Each structure stands twice: as C-alpha cells, then as structure tokens.
2 protein chains.
Amino acid sequence: MTPRARRSPRRTEALSRERIVEAAVELLDTAGESGLTFRALTERLSTGAGAIYWHVANKGELLAAATDAVVAEAVSADVSSPRSAGSPRDGVRAVALGLYDAIEAHPWLATQLALQLSRSPGGPVAPRIFEGIGRQVGALGVSEDGWFTATSVLVHYILGAAGQNAVNTESGRALGPGVDRARFLDDVSAQWEQLDPDAYPFTRPVAHRMRGHDDREQFLAGIDLVLAGMAAR
Amino acid sequence: MTPRARRSPRRTEALSRERIVEAAVELLDTAGESGLTFRALTERLSTGAGAIYWHVANKGELLAAATDAVVAEAVSADVSSPRSAGSPRDGVRAVALGLYDAIEAHPWLATQLALQLSRSPGGPVAPRIFEGIGRQVGALGVSEDGWFTATSVLVHYILGAAGQNAVNTESGRALGPGVDRARFLDDVSAQWEQLDPDAYPFTRPVAHRMRGHDDREQFLAGIDLVLAGMAAR
DNA sequence: ACCTGAACACCGTTCAAGT
DNA sequence: ACCTGAACACCGTTCAAGT
C-alpha cells in the first residue's frame, strides 16, 4: 500500500510464465492497454524479447493468460464469501458483483473479456465464468434446460453491462472509483439526451436513468429480472 | 453475385467519407480485421494515406463508422418486416435475429461491437441498438422502470450471445454459413467436455448442448426468458 | 534449456508539397 | 479545399549467437 513499493523487478528470480503474466497485468493496470508492449515488458522484467517468447507464444496468448488470471481470482473469490451464505439469489448477486468489481478495478478487462469470448470461445475464460455463475444458479433448483438458458443470459448480461459501465481511461483510472464513474455516466447520459427525438423516441426519455448514481442497483435489477423469468417458467 | 464483379474502384468518383467507410466494410468482410490497413485502403481507393485522413480522424473513428453503418442497416431492416407484424414478442425476436444475422454475415462485427460499447459507450452505436430493441419492448406495455431494465438485459444478451456464437475466421468466412458454424460449435462443445469434472461440475454436463445445431433456437430461448421475467414483475 | 538483443517486416500517422 | 506519397516513430516477431 506504500506509494512506491517494489520498483525494479528483483533480477535474481528466474523468468517464468507466471512472472510474465503478472508483469503484464501490472502493466495493463498502470499504463492501460496501449501500455502493454514487449519493449515495456522486457524493460520491466529486465530481459530480452526472445526470453518472453520462450515462455509465451505471442501477444494474444499473453493477453488471454492475463485475462484468465484476473477472472479466475474474481470468480473464485466470492464463491464462498459470507454474503453468499444467504439465499441462492444472493449467491448469484455475489458472483455478479465480483465480476463487476473486477472490471471496475481493471478497466482493460472489459475489452479483453469481450475479445476473448468473441474470438476464441474455446479458451479457458468462457467456461470459468459460466461455471462461476452456474454454480449459484444451480442452487435455485431448476431443470437442466432452464439452468443452461438462464446461466447463458446472466453471463452475457453481466459481462456486457459491467463492460459498458466501466470507465475506460486507457491510461489507468485517474481518481477514486466513485468520482470518475459518476462523471462518466453523466457524460453518457448527457449525450443520449441530445439525440434526435424523432429518431430516438424511446431512448431519449430514459437517458436520465444513467445519471450519476446507483448503477450498481440498476445492474442488480437486471439480474433479478432474469431470475424472475427463470422462476416463472 | 458474379465472381469478379467490380475489381478496380472507379477512379472517376471523388473521395468521400461514405466511400471510405464502404471500402472499409468490404475490406473487413473479405480480408478480416487484420486486413483493414491504411495501405490496403489506399490501394483499393487508389489514393494516398493523407487523403483518407482528410475525411477520417484516425483508424478508431473509421472502425466506429464502419460498425455503425452495418448496425444501422441491421436494426432498421427488420423493424417493419412482415414478421414483426405479429405479436410484440415476435417484434423483439425479429430485431434480435436481425442483429444475430448481421454478426454472422460480418464476423468482425462481434469484436467491433464489443470494443465500441466498452470503449466509447457515448458513441452512436449503443443508442441505435438500444432504440431498435426498446421500440419492440415498448409495444409490450410495461412501466418505464421495467422497460429500461428489460431492454438493457436484452441488448447485452443479444450482443454477447451472438458474438460468442459467431464464427470468427479472421480471414472472412470460409464456406457456407451453416457448415462452418456447426463444426465450430462442435469444437467448442468438445473442448468443454474435456474440462476437469471436479473443477467444472456444472459446466461439463451441459457441454453437449452446444453441439451442432439449433443455436438459433437456444438463442431465442434466452430472449423468451427475459420477456417472461418482464411479464412476471 | 533458457536467454540476449540486433534486425526485419509492417503499421498508423504526419506533413511539406502539390493542384 | 482536397489530395499526394515519402518519411517517421513504433510495434510484434524472428533468429543467429551466446551460456
């Protein structure tokens, strides 16, 4: 927590895939998506480019590994949290908020998640999230058919909504999470309010709903809607 | 439909933003995301790089414009289609399938949509889709509160599910849409079936649901689930 | 087996110069 | 106002050479 903890990487440690992925996450967090370059990475790890390619096939694989590492932590963290000890519905909420928070903490995650899922759904990220959500949904006791559909809808909604609400500053978040976020949503709201009323008769009147606060509450309302649909089958 | 229709761009026409965007879409369709470079674009339009920069700020803006152009067509196309003349539920289905098909026809669209929405939600793409879906949802007659939430869930689900099911071959789709797609889903299914049973007790048993066919039906089942939740409020 | 780092191919963007 | 195209800065990746 000290301002300048760990400056130069300890050169004594040997290079490994884990250390490379760890450095990549740190670089993404501090310098944004455009900050992750092999040159920046070699400097941070005080090594050569070829050394990284010995452990990692290419940049795409590195980004996939970084995404998976962060998602794995986010999904597993809340599974047995005290909050999920409540109703099954609370369990779904807990995992959803875990992913929501992870995207808020790592702005690059929204984009990478979307890239990962659309470009290589066969990768490790999709089943990990699916399992995290599905585990909670399973506790609600429905048929396999309803379970699969509900979990699919929840996963896509969570990733999409959290991604769209994430402040993506490209150079890491600037101030505290609350401050930035409120201004960001205000901006989007203002832009939606300036839409042509004739072309956007439905969207314009609800633009104010994005204003300022309670995007978490709105996010959870969507989850409740899906759960209600599941119960109604 | 002839194999070699329009080879060299007619140099007589003046350059314009529309022609550039049109060429970008064609390039994305035929050569994939990595095929869209300013060099390929200048060659296709038989012009210089600076000429493009006169009409378009940078590559990001060009990709946003290409995405918006395709989405605008997809969303508007089905709004007054004969199929949406049925129940309001059919209207939602029609717009959803319109976007689904657009992503299938333009594999790069899934990625770009995700990038656009997560990186610049203030852009034109988000409200356009929101309006397209919301218009249909509005016909179902619910309170503004329920309307906003349901539309949000639907939009994210549609984009996420369609994106994940899209075959992304990076160099354009290879064969007919049906053939490729079935094999693609089979592959993903096979990979999910090889997951560790202990770590994935919920996901592995439903892997077979991705096999081969009827992903459209599964897609629509998710939409019905949301609509059921809306009615149950 | 693991690492070095110069070299290569390629890309987005700029800008002095033209019409 | 609109276009040309060479030049620049930067990037991912390779590979002969080292230990």
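So that the names make sense, note that chain A is the first sequence line, chain B the second, and so on, each numbered from 1. If you're wondering where the values come from, they're calculated on a predicted model, not measured in any experiment. Heavy-atom basis, side chains included; hydrogens, waters and symmetry copies ignored.
- For the atom pair OG1 of A/T111 and CD of A/Q116, the computed distance is 11.5 Å after rounding to the nearest 0.5 Å.
- As rounded to whole Å, 18 Å separates atom C1' of D/dC3 from atom CZ of B/R17.
- Note that NE2 of A/H156 and CG of B/L154 are 13.0 Å apart. Values are rounded to the nearest 0.5 Å.
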Quiz: residues 197-206 of chain B side-chain donor-acceptor pairs under 3.5 angstrom, not counting sequence neighbours:
| from | atom 1 | to | atom 2 | distance (Å) |
| --- | --- | --- | --- | --- |
| B/T203 | OG1 | A/E131 | N | 3.4 |
| B/T203 | OG1 | A/E131 | OE1 | 2.6 |
| B/R204 | NH1 | B/E193 | O | 3.1 |

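- Taking the charged nitrogens against the carboxylate oxygens, B/R216 and B/D101 do have a contact shorter than 4.0 Å, which makes a salt bridge.
- Note: A/F219 and A/Y157 have parallel aromatic rings, judged against thresholds of 30 and 60 degrees for the angle between ring planes.
- For B/H55 and D/dA1, the NE2 to P distance is 13 Å, given to the nearest whole Å.
- A salt bridge links B/R17 with B/E61: the closest approach of a Lys/Arg side-chain nitrogen to an acidic carboxylate oxygen falls below 4.0 angstrom.
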### Message
So if I define the base as every atom that isn't primed, P, OP1 or OP2, how would nucleotides 5-19 of chain D read as a B/S/- string at a heavy-atom cutoff under 4.0 Å?
### Response
B-----BBBBB----
### Message
Give the dot-bracket line for DNA chain C from 5' end to 3' end: parentheses for intra-strand Watson-Crick or G-U pairs under 3.5 Å, square brackets for crossings, | for inter-strand pairing, dots for unpaired.
### Response
||.|||||...|||||.||
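- B/E22 has no carboxylate O lying under 4.0 Å from a charged side-chain N of B/R44, or vice versa, which leaves the two without a salt bridge.
- Ring geometry, B/Y53 versus B/F38: the interplanar angle falls under 30°, so the pair is classed parallel (tilted spans 30 to 60°).
- OP1 or OP2 of C/dC3 has not a single side-chain nitrogen or oxygen of A/W54 nearer than 4.0 Å.
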